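Structure record follows, encoded as structure tokens.
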Amino acid sequence: MKRNSQSGGFHLAFEVDDCHSAADRLRQAGVDVLEGPTFVDAGAMQGLTWLYLRAPWGQFLELVSMNGALGYERAGGPKQWSPVTGE
């Protein structure tokens with residue numbers, strides 16, 4: 001099975017306001033939180049916090065939150081669209 005980060009790996013990701021509080025709520029509810037929250041402090045994805053969890057049917061899911069522009073945006077790359085702001 002491919003890792004979620006590899007080409008051909010598959011998972012759904014959802015943007016939330018705060019991965020840390022979401023992880024706390026999920027763990028309290030008995031959800032299988034697999035890894036994270038992890039803050040990316042360098043590189044193209046700098047400023048992103050992510051965590052992986054497993055849905056009751058076994059699918060991997062990811063939650064992400066951002067504290068502003070990501071690293072590649074600050075380096076002059078295109079602005080990432082956000083479902084939270086619609087921009």
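Predicted model, so just to flag it, every value in this text is computed and none were measured. Both backbone and side-chain heavy atoms feed into the values below; hydrogens, waters and symmetry mates do not.
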Quick one: closest heavy-atom pair of V31 and R54, and the distance? CG1-O, 4.3 Å
Test log, rule side-chain contact (heavy atoms from CB on, under 4.5 Å), inputs Q46 and L70: CA-CA 5 Å; Q46 180 182 6; L70 296 178; over 6 Å; no
How long is the gap from CG on L61 to CG on L26, to the nearest 0.5 Å? 9.5 Å
Show me the donor-acceptor pairs, under 3.5 Å and distance only, between side chains in residues 33-45 and residues at least two apart or in other chains.
none

If you look at every heavy atom in C19 and T49, which pair is closest and at what distance? SG-O, 3.4 Å
Please collect all side chain to side chain donor-acceptor pair (under 3.5 Å) contacts where either partner lies in residues 62-74, sequence neighbours excluded, each pair once. H11-E62, Y72-Q80
For D32 and L53: C-alpha separation, side-chain torsions, deciding distance, then whether side-chain contact (heavy atoms from CB on, under 4.5 Å) applies. CA-CA 6 Å; D32 187 12; L53 58 124; over 6 Å; no
